[in-house]
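Heads up: the structure comes next, in structure tokens.
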Amino acid sequence: MIDAARLKAMVGHIADTIEREKDRLCALDGVIGDADHGIAMSLGFGAARDAVEGLDETADPTMVLNTAAKSFLNAVGASSGPLYATALMRGAASIKGKAELATEDVVAMLQAMAKGIQDRGKAELGEKTMIDAWLPAASAAGEAISQGLARALSAASEAAHAGAEATKNMVASKGRAERLGERSLGHMDPGAASAAMVIEAMRKSLTD
Amino acid sequence: MIDAARLKAMVGHIADTIEREKDRLCALDGVIGDADHGIAMSLGFGAARDAVEGLDETADPTMVLNTAAKSFLNAVGASSGPLYATALMRGAASIKGKAELATEDVVAMLQAMAKGIQDRGKAELGEKTMIDAWLPAASAAGEAISQGLARALSAASEAAHAGAEATKNMVASKGRAERLGERSLGHMDPGAASAAMVIEAMRKSLTD
Amino acid sequence: MQTKKIINDGNKAVDEMLDGVLAAHPKHLKRVEGSPRSVVAVDGPRPGKVGIVVGGGSGHEPTFLGFVGKGLADGCAVGNVFASPPPDPILECAKAVDGGAGVLFQYGNYAGDVMNFDMAAEMAAMDDIEVRTVLTTDDVATKDKAKRRGVAGNFFTFKAGGAAADMMKSLDEVERIVRKANDQTFSMGVALAPCSLPQTRTPNFELGPDEMEIGMGIHGEPGVTRGKLKSADEIVDDMVDRIFAEMAPSRGERVAVLVNSLGSTPLMELYIMNRRVRQRLDDLGLETHATWVGNYCTSLEMAGASITLHRMDGELQEMLDRPCDCAMFRAG
Amino acid sequence: MQTKKIINDGNKAVDEMLDGVLAAHPKHLKRVEGSPRSVVAVDGPRPGKVGIVVGGGSGHEPTFLGFVGKGLADGCAVGNVFASPPPDPILECAKAVDGGAGVLFQYGNYAGDVMNFDMAAEMAAMDDIEVRTVLTTDDVATKDKAKRRGVAGNFFTFKAGGAAADMMKSLDEVERIVRKANDQTFSMGVALAPCSLPQTRTPNFELGPDEMEIGMGIHGEPGVTRGKLKSADEIVDDMVDRIFAEMAPSRGERVAVLVNSLGSTPLMELYIMNRRVRQRLDDLGLETHATWVGNYCTSLEMAGASITLHRMDGELQEMLDRPCDCAMFRAG
Ligand SMILES: Nc1ncnc2c1ncn2[C@@H]1O[C@H](COP(=O)(O)OP(=O)(O)O)[C@@H](O)[C@H]1O
Ligand SMILES: Nc1ncnc2c1ncn2[C@@H]1O[C@H](COP(=O)(O)OP(=O)(O)O)[C@@H](O)[C@H]1O
Ligand SMILES: [Mg+2]
Ligand SMILES: [Mg+2]
Ligand SMILES: [Mg+2]
Ligand SMILES: [Mg+2]
């Protein structure tokens with residue numbers, strides 16, 4: 001049963017995962033960006049975890065995600081801030097009024113999150129951003145929805161990882177790496193790498 | 001026969017010697033000072049060489065040393081500038097009116113140079129400065145004067161080297177290293193090291 | 001081995017820096033109450049005046065904070081190191097400096113800054129504050145002017161906006177002038193050694209012990225060419241040639257010059273560069289109206305420098321020459 | 001491997017820097033004709049005014065050159081890197097700024113500077129120019145006040161001399177005030193990484209990758225203690241404790257603060273230091289009248305910083321507050 005408490009735990013689990021991988025994300029960002037992506041993500045999800053932990057029993061799932069969104073944004077700014085804040089707010093809106101989430105709700109939430117990132121950042125597939133992990137993940141979850149939550153989220157996580165991997169062969173045309181042109185080839189996009197971690201952490205926390 | 005031409009050659013020979021040892025002198029100065037002694041000495045004697053080479057036939061020994069003094073000073077400043085400029089000017093004054101220098105004249109010149117450095121810098125023996133090479137050299141030359149120029153200058157050069165070596169066991173109380181106190185122990189004074197080179201170059205050039 | 005920094009906790013570096021800034025400059029700067037990352041000019045914002053809000057990531061000091069003061073920026077939103085501030089402190093600045101004549105947002109063109117400032121602009125609109133935005137796009141390392149990064153050229157675009165607003169011009173006018181200033185601002189950088197973030201304390205890129213990179217961004221983003229370190233004159237020529245190619249200057253035109261350290265390149269080297277810059281300008285028959293040399297837009301302790309040329313007509317020159325008095329900069 | 005610098009020929013670095021300085025600051029600085037290493041203020045020297053001549057080795061920019069201008073120094077003799085200028089350019093400065101009321105030489109206390117400036121003073125006396133000298137001796141790394149090196153504290157002693165002379169005080173008075181300013185100026189430095197001379201391009205001292213040295217001089221002369229790099233607050237506390245021990249401040253006294261980069265330590269770290277400095281001053285009940293933070297007395301690209309405290313009575317405060325307008329500094 002996925003309720004507000006599970007979503008709080010999910011936020012915490014994402015935060016722990018990112019904290020562990022922070023240095024790797026900074027190193028990836030160092031190659032084609034400004035070396036701070038791990039810091040931004042860990043500050044953001046760290047703040048989100050602290051904020052949702054502070055919520056009392058009455059908070060519903062929407063409130064959990066909205067709280068996470070606001071605290072992430074205020075702790076971070078940067079690119080990740082608006083992108084993840086929008087993702088989380090859209091996720092929150094997609095489950096409005098629900099105390100418990102069914103498989104369809106979780107998948108809708110994931111899709112709303114991906115859509116939020118795209119609306120905020122205006123990136124298309126293939127531009128070497130976190131969108132290259134989030135969009136395939138959202139589609140894969142949708143396609144696997146009839147096989148249950150665990151399969152849907154596994155499919156999402158696998159697609160996110162494959163998408164992140166695929167950014168190595170892309171030339172950046174959004175974000176800080178945009179001006180590198182061909183020099184961005186061969187390197188994984190840090191935002192896509194962290195997206196795959198976030199989605200896998202969601203899967204693990206919501207289905208294990 | 002030591003005339004103006006030989007003195008010009010002597011200045012050139014000192015310049016060449018210092019040029020070769022420049023890095024070592026900077027390294028010595030790096031330990032207890034500001035790492036520029038080799039630069040100062042090479043700029044100074046380089047400028048002196050260029051200036052005396054530009055003198056015509058009519059220049060007498062005094063003019064050679066005075067020219068060297070002025071050009072050294074203007075090229076360098078620092079501590080070495082006033083000290084060596086004074087040394088060279090006093091050397092010049094000590095041989096005033098002479099077209100050729102006898103052994104006594106050369107020794108008097110060397111002693112006048114040492115005295116000039118002491119008058120300018122007010123350092124005493126044992127304060128870990130170039131004085132610890134120059135004063136023993138001047139005394140040794142005086143004591144060996146009856147044995148001829150070559151022996152007098154050899155004695156000076158040996159005394160200068162011994163004096164430089166001895167600065168390792170001195171605590172600085174003049175110049176930039178003065179504030180180090182005990183921490184200056186164990187390190188040769190760069191000015192004493194270069195003084196030994198200068199005196200040996202004088203010996204070689206005036207007696208070989 | 002971690003890089004050496006005089007800091008306490010890396011995560012607190014920005015807030016502790018701000019405490020030190022506010023302690024040092026009480027005559028120029030104050031915090032917006034309840035919004036510790038929003039700093040406004042003590043003397044500057046006033047009724048009827050367009051408010052100028054600047055901001056961006058920390059680590060570029062004196063950009064952006066140092067340009068807050070009378071005759072220049074009215075407010076500054078302070079982000080984490082190399083990270084745009086979030087919308088909230090930007091919005092609080094906009095509210096604090098709004099004099100009823102609208103607010104201009106000025107900042108460098110980076111995806112993160114654009115998203116955060118745009119969100120703040122939307123929120124300000126809901127509070128009935130009219131906000132316009134002009135991005136600084138001066139870094140000619142990118143071909144397409146609209147996509148260029150904002151680097152040291154902020155100096156000239158902020159100065160133009162600050163002066164125009166100080167002259168009580170309308171929001172339309174201030175915006176027009178800043179756009180013109182930005183169109184006439186061209187920068188190029190060179191990096192010799194990396195910086196490191198207070199949190200990672202790891203060099204944020206690698207460069208061989210005898211290498212330099214032309215065109216590197218002020219966050220260490222890769223540039224246009226990497227090669228052996230050349231002489232000052234060769235480096236300046238390479239940079240100036242790239243600037244001229246975009247700027248296409250003509251004999252008799254007036255320019256202002258900024259030779260800027262990325263952090264650890266000292267004034268001696270900058271002035272040696274400026275000597276060559278001036279020779280190149282003189283050779284082309286350009287008139288150098290004013291020159292600034294020093295730390296204006298840094299990248300933590302990165303080694304390297306940038307050159308910015310700002311071409312002026314009479315109006316832009318008037319903006320540049322107008323007095324201003326900021327926490328870390330004064331002119332006029 | 002050579003250290004990285006943006007220079008041409010190391011032996012020409014100082015003259016090329018000067019060319020760049022003169023090109024950048026024509027409104028403030030000019031060369032004395034026939035004496036390229038003598039720089040004087042365009043606006044400053046005038047009949048009846050005591051002339052202030054400063055100077056020393058290059059590599060500390062903006063010290064000394066940057067403090068030439070109206071209300072501060074009238075002339076500056078420029079030496080080679082870390083080397084006192086010779087007497088000639090000092091003498092030419094003295095002649096150029098002499099307004100008939102005498103000239104004050106102000107510089108840091110180093111054997112080489114003393115010898116060269118004293119020679120210049122003797123030569124000036126032969127030209128019937130009365131010269132007095134006040135050495136800056138602010139570096140508390142040395143116990144005996146008279147033997148102390150002159151470091152960033154020049155900022156305050158020069159400012160006092162420049163203001164007193166600008167007020168048309170007599171040579172006696174200017175000298176008295178500068179001596180008082182120097183008596184009330186206390187500095188302490190910390191080095192994190194070495195600089196290198198343009199000619200050698202070799203680090204001029206060695207420091208372990210996790211080490212710092214408290215009390216190191218601005219030419220890399222050894223300091224008082226070496227140890228593991230500590231936190232900003234611990235470093236500042238160590239430095240401030242040493243300063244307080246010499247200064248013996250009392251509750252209610254007024255001080256000015258200078259937190260200075262040795263070259264490559266960026267503003268972020270300096271302001272973090274300043275935060276702690278202010279805490280310490282507040283804790284003692286001292287009144288902080290003014291604070292400067294930035295590159296004021298550097299050591300090429302050395303990493304590290306210094307803290308200077310300047311205790312003021314009413315007269316010294318008047319000197320500090322008096323406006324001045326220099327090539328690289330403005331106040332008041
Ligand atoms: N317009 C965009 N749309 C989607 N993702 C973006 C966009 N711009 C940047 N990103 C993502 O943000 C990541 C960088 O995030 P981060 O390092 O936190 O921000 P910044 O670039 O401001 O330092 C990139 O790797 C990329 O995946
Ligand atoms: N007062 C003095 N008398 C004699 N020699 C001195 C005196 N002060 C300094 N020196 C000598 O000068 C040397 C340093 O010269 P140099 O490095 O050229 O000058 P600076 O110390 O100005 O950098 C010292 O090693 C010392 O031998
Ligand atoms: Mg980044
Ligand atoms: Mg030396
Ligand atoms: Mg960033
Ligand atoms: Mg020296």
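In the text below, chain A, chain B and the rest are named by the order of the sequence lines, each starting its count at 1.
Closest approach of C/Ser58 to D/Met268, counting heavy atoms only: CB-CE, 4.0 Å. In this structure, D/Met17 and C/Tyr271 approach most closely via the heavy-atom pair O-CB, 3.6 Å.
Judged purely by atom type and a 3.5 angstrom limit, D/Asp19 has no side-chain atom pairing as donor or acceptor with the backbone of C/Arg275. In this structure, D/Lys4 contributes its side chain and C/Glu211 its backbone to a donor-acceptor pair below 3.5 Å. With hydrogens and angles ignored, the 3.5 Å screen pairs a side-chain donor or acceptor of D/Asn8 with a backbone N or O of C/Asp233. No donor-acceptor pair under 3.5 Å is formed between the side chain of D/Glu269 and the backbone N or O of C/Lys5.
For D/His60, no part lies near chain C; criterion is any non-hydrogen pair under 4.5 Å. Looking at D/Ala331, only its backbone comes within 4.5 Å of chain C, counting heavy atoms on both sides. In this structure, chain C has no heavy atom under 4.5 Å from any part of D/Ala303. Proximity to chain C involves both the backbone and the side chain of D/Val21, based on heavy atoms less than 4.5 angstrom apart. Of the two parts of D/Ile235, only the side chain, counted from C-beta on, holds a non-hydrogen atom closer than 4.5 Å to a non-hydrogen atom of chain C. Contact of D/Met1 with chain C is made through the side chain alone, with heavy-atom distances under 4.5 Å. Using a 4.5 Å cut-off between heavy atoms, D/Pro26 makes no contact with chain C at all. In this structure, no portion of D/Met302 lies under 4.5 Å from any heavy atom of chain C.
Put simply, of C/Ala24, C/Ala13, C/Gly263, C/Cys195, the one with the most heavy-atom pairs under 4.5 Å next to chain D is C/Ala24. Each of C/Arg330, C/Gln279, C/Met328 has some count of heavy-atom pairs under 4.5 Å with chain D, and the biggest count is that of C/Arg330. Counting heavy-atom pairs under 4.5 Å between each of D/Asp15, D/Thr298, D/Leu192, D/Thr291 and chain C puts D/Leu192 at the top. Options C/Glu61, C/Lys230, C/Glu16 differ in how many heavy-atom pairs under 4.5 Å they form with chain D, and the most are formed by C/Glu16. In terms of heavy-atom pairs under 4.5 Å with chain C, the best-connected choice from D/Ser299, D/Ser231, D/Ala232, D/Pro266 is D/Ala232. Taking C/Val81, C/Asp282, C/Leu300, C/Thr265 one by one and counting their heavy-atom pairs under 4.5 Å with chain D, the maximum is reached by C/Leu300. When the candidates D/Ile7, D/Asn274, D/Leu22, D/Leu229 are compared by the number of heavy-atom contacts under 4.5 Å with chain C, D/Ile7 comes out ahead.
Side-chain contact between C/Ile6 and D/Val190 is present, with at least one heavy-atom pair separated by less than 4.5 Å.
In this structure, CG in C/Asn295 is found 5.0 Å from CG in D/Asn295, a value given to the nearest 0.5 Å.
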